S.K.: 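Pasting in a structure now, in structure tokens, and then I'll have a few things to ask.
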Amino acid sequence: MPPEKAQINEFLRPETVSRLANMDLLARLIVEGFIAGLHRSPYHGFSVEFAEYRQYDDGESTRNIDWKIFAKTDRYYTRIFEDETNLKATLLLDRSASMGFESGGVTKLRYGTLLCAALAYLMIKQRDAVGLAVFDERINTMIPHRSVRRQLFHLMKTLGETVPGAKTEISGTLHEMAERIRRKGLIVLVSDLFDEPARIINGLKHFRHRGHEMIVFHLLDPMELSLDYRGEVRFVDLETGEKLRSRPWLVKKEYRREVGLWAAELERSSKENGIDYNLITTDTPFDKALFSYLSKRQRMR
Amino acid sequence: MNFLNPLFLALLAAAAIPLVIHLFSRRRVREVRFSTLRFLALSDRRSMRRINLRRLILLALRMAAIALVALAFARPVITGGPAALFPGGGPRAACVLLDRSYSMGVGGGGGTVFERAKKQVERIASVLGEEDEVTILLFDGRREKLYEGRRFTPGPALDMLGDLEPSHYGTDLRGAVDDAMSILGASRIGAKELYIVSDFQRGGAGGGGTRRYDFPVRTFLMPIRPEPGPNAAVSSVLTPRAAVHRSETARLVVTLVNHSPEMAAKFPVRVALDGTVVIEREIDLGPGAARTERIDIPMERAGWIRGEVSKSGDRLAADDRRYFSILVREKVKVLLLSGADSFWLEQALSPEGTEGDISLRSKGWGELVTADLEWADAVVLGTGPGPREADIGLLEGFVTGGGRILAFVTEGAEERVWRLSGKKARVSFGKGSGAWGSLDPGAEAPPFLSPFGREDLESLSRVRFARVPEIGGVPPEERLMSYRDGTPFMWKTARGEGLAIFAVFDPGPRGGDFVLSPLFLPLVQQAVTATDDGAAAGEGALVGSQISRKGRSGADYTVVLPGGSQFKPEANGTVAIPAGDLPGFVDLLDGAETVFRMAVNPDCGVESDLSFMGPEEAADSLGLKNWAAVGEGDRFEAGIRTAREGREISTPLVVAALALLAAELLIAQRKEMATEG
């Protein structure tokens, strides 16, 4: 891998970017890195929203040459894609206490805020209107939709100040938000979804009922999937404070089966209701989530 | 179910070890703040229910395996219907060893240990079946078959038990087991049993390596132990090595030992001579202490004295009394008439000075007075010119009056030989060849020379003598020894009540090698004391042993054993004298005269301390493998009957334990049961 690409990709790794404090800068690094990656990838077709240029090659169609650039620079640049936008996107970030869990240096909440920041940056860059709601058992913060560049500043500030809160009551919150966000648009939910699948799906269906498109980033820590602890452990529930002494090596098989069933149920129900469901772990590079978003965006055009 | 080694049931407690480890094992538990316990609690509940069940099974398997091994050690025996599932049964070859050594005579509240042992044998007999091949062996240092039968009929065997008493022998447990194993090994019956009823004296196991018996024998060790109590012993009595004479004092060295490590002992020690207590002394011994007492006793009569040192009785009577015998001699008064060369004869007659058996008076040839002959028992005529004419008459009168004369035949002594021999023996110097002479050892030594062994006589025959004279008139029956050419060398001539002995050599420096030889002195002493018996002091023997003494041809020997029984021993150069089975005295009589007396005592050196082996030590030192210790408890018969009729299931239990462990291993090795952390 070329050095510059390795450097760019480094900013897509959660454990790397989480060490940086400036949310705006982080979002930009993630997105630019993602975009640079996309340019070198075979997925150009997904990049319809970007105003992007490259030098014209001989024999290429002249249809996409940007003549304004040619006028300014006296060089031929091919305008790859450029599109206008009218999308209203709402980022729903779960900040419940369980989102504060981490096993490898990045909490789920930190990952979620970074993901939301990157998505917001991407959306604003595409001139989409972006709104944000941060919630735990109730809606804590709600920023209305804007597409101006300044909106990004508000979003980044809010995301940067988000810390784990109380326990999750996600289904009720979803219903409340579905009532409040009236204009159809894209709803992006970032949450660990620790609630009954049926209730969650019920809340998500409420959005669908209102005509929203939905994409769910189901955010989990790798250890929450594997329970790969060594030795005897006393687990303390981050939300309830309840304690459980267990021998993970004895129960992890059953645990994995339970969690797998739960996630599968969420995915199946999501599909049945036309909701994009993405299970993402906190050790997953951000480009996967961004790519999922773009894929969804592509289908919405 | 009964157990042959019930003590091992205590090992059952070890079955709790896995449980204790399980309960008290402390794992390091770390705390992890986790997002939600929703799935974990569910999984934990479901998994642990199953895993705990498996763990419970594992725990139960481990505990059961240990319990089975502990049970196997206790050697359970099952009876009744289930016993038929296991091989065994049928007639048995049984050998019962009953210890009758003197240590079994220890007394106590419930009778002697031997009485209790006999009861044990009766109990054993009650559980032996009619179809069994039974041998009952009595043993101490010896073995004696009390009963032997292909079909067991307890009546005669038990009748013979009734009158038995402990012997005065020590224990040879190893020899007894060897004999028992030989008997059992020779039996065609496959099931073999050995019962050992003994106090298991440590000294009885003997030394040496452990024997291994190459056929299976089920052994029941049945220890009979005395009750604790005082135990002190007269350990040994040493008599003087030198000859003891009448009116002298004999010193006894008596060793007393208190074998009890806890109790002090205080008791009077008595010394008795010929049944009369002559000395009594109080002895104080601390726990485990030994003490040596030197006791001087006056000897007021000559002859063989019966002596005993005894103390007050304690629980082991066998070692409270020790016998000794002393030969008290009268001193032989010897008058030596000699010339200037009297030194050699004085040395020969009285080498020990006043300590010896001879009281010597030495005079020159012209100094003899009648008072000398009245004093003397014997007269020795040495070298030199010889007695005066008048003195020859006195000497003849001395001999015929019952005196004894030893006359050395040297040149110039021809006349006195002729006169003293009753004018029979004629000696002539200077007429012979003058050649060197040597003695004929003879095929058989004459009685007079019996103190000398064959080697002594051979040695004597190698001495060369100068100037062998011609000698005539000596009948063959009077000859004590001859030169090789038949010329008499020593002979004796009876004159009236007395005896004259003539020896043809010069006892002065001219006598050469013979005078300097170690044979010269005893030969001269023998001639003047005229006894065929070389015994000096009483010898001691242990019960059951045998000693040999030189015998005299033609003697009419009778051996009188302790208890009074007598027999005529064979006297073929030596006399074999058995000590007998009882302590006391063995007398060797020649006609009516006691020529030797021997004290007989039990061998208390080994067992007197009453140190006993535990069953494990006994089995180990005797090389016994398949054994069980059976006490005197109430369940004794039931235990043996159970052991005999039932089937021991130790091996199936061990197999079952191994199977359980294998199952445990299989379950424990499942991945999900493997321990982490």
Side-chain angles (χ1 to χ4, degrees), chain A residues 94 96-103 107-109 164 167-168 170 191-197 219-263 265 282, chain B residues 15-66 660-677:
Chain A
D94 181 0
S96 61
S98 62
M99 290 290 284
F101 175 71
E102 52 121 340
S103 66
T107 65
K108 289 187 286 183
L109 184 61
K167 63 181 180 181
T168 319
I170 188 168
S191 170
D192 54 14
L193 301 179
F194 281 144
D195 204 343
E196 284 300 319
L219 196 53
L220 291 174
D221 189 279
M223 199 60 97
E224 287 175 326
L225 289 173
S226 66
L227 200 73
D228 210 4
Y229 288 101
R230 297 188 69 80
E232 196 161 338
V233 177
R234 182 181 291 108
F235 292 100
V236 182
D237 193 310
L238 279 170
E239 293 191 359
T240 64
E242 185 187 350
K243 292 182 178 178
L244 176 71
R245 183 169 166 167
S246 182
R247 300 180 177 92
W249 73 92
L250 295 176
V251 301
K252 65 185 177 188
K253 188 176 174 185
E254 181 70 23
Y255 175 88
R256 286 173 185 172
R257 195 178 75 85
E258 284 296 323
V259 171
L261 286 174
W262 170 66
E265 171 64 15
T282 55
Chain B
I17 290 174
L19 184 64
V20 171
I21 291 173
H22 175 76
L23 291 177
F24 291 94
S25 64
R26 285 270 177 265
R27 292 176 181 276
R28 195 172 59 83
V29 181
R30 65 192 174 103
E31 194 166 282
V32 168
R33 296 171 67 77
F34 202 64
S35 48
T36 180
L37 299 186
R38 182 177 158 202
F39 303 108
L40 191 56
L42 188 66
S43 310
D44 195 75
R45 196 162 53 246
R46 282 184 185 164
S47 299
M48 292 315 289
R49 191 181 304 137
R50 176 170 40 84
I51 288 166
N52 280 339
L53 182 65
R54 276 206 189 126
R55 292 189 151 216
L56 214 60
I57 293 170
L58 277 181
L59 191 65
L61 285 175
R62 287 169 188 159
M63 292 174 70
I66 294 175
L660 289 183
L661 286 175
E664 190 268 350
L665 212 60
L666 281 176
I667 297 173
Q669 278 188 338
R670 288 176 67 100
K671 194 178 174 185
E672 63 180 11
M673 297 302 292
T675 304
E676 285 191 27

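Chain letters run A, B, ... following the sequence lines, proteins first and then strands; every chain starts at 1. A quick note: this is a predicted structure, and the numbers were derived from the prediction, not measured.
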S.K.: Do R54(B) and L250(A) touch side chain to side chain, with heavy atoms closer than 4.5 Å?
M.R.: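 In short, these two side chains do not touch, never coming nearer than 4.5 Å.
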S.K.: Would you mind checking which part of L42(B) comes under 4.5 Å of any heavy atom in chain A, side chain (CB onward), backbone (N, CA, C, O), both or neither?
M.R.: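 The side chain, not the backbone.
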S.K.: Counting heavy-atom pairs closer than 4.5 Å to chain B, which one of R256(A), K108(A), E242(A) comes out on top?
M.R.: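 Most heavy-atom pairs under 4.5 Å with chain B: E242(A).
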S.K.: Side chains of S35(B) and E224(A): any donor to acceptor distance under 3.5 Å?
M.R.: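 Note: E224(A) and S35(B) side chains meet the donor-acceptor criterion.
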S.K.: For the pair R38(B) and E196(A), find out whether any cationic side-chain nitrogen is under 4.0 Å from an anionic carboxylate oxygen.
M.R.: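 Answer for the salt bridge query: yes.
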S.K.: Is L227(A) close to chain B through its backbone or its side chain, or both, or neither, when contacts mean heavy atoms under 4.5 Å?
M.R.: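 Just its side chain gets close to chain B.
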S.K.: Between atom CG of L40(B) and atom CG of L244(A), what is the distance when rounded to the nearest 0.5 Å?
M.R.: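 L40(B) atom CG to L244(A) atom CG measures 5.0 Å (nearest 0.5 Å).
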S.K.: Tell me whether the rings of F34(B) and F101(A) are parallel (<30°), tilted (30 to 60°) or perpendicular (>60°).
M.R.: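 Taking F101(A) first and then F34(B), their aromatic rings stand perpendicular (interplane angle over 60°).
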S.K.: So D237(A) and T36(B), do their side chains get closer than 4.5 Å, heavy atoms only?
M.R.: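 Contact flag for T36(B)/D237(A) side chains = yes.
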S.K.: First locate atom NZ of K243(A), then atom CZ of R33(B), and finally report the distance between them rounded to the nearest 0.5 Å.
M.R.: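 Atom-to-atom, K243(A):NZ and R33(B):CZ are 9.5 Å apart.
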S.K.: Scan K252(A), E258(A), R257(A), K253(A) and name whichever one has a side chain to side chain contact (heavy atoms under 4.5 Å, CB included) with S43(B).
M.R.: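 Of all the options given, the one that passes is E258(A).
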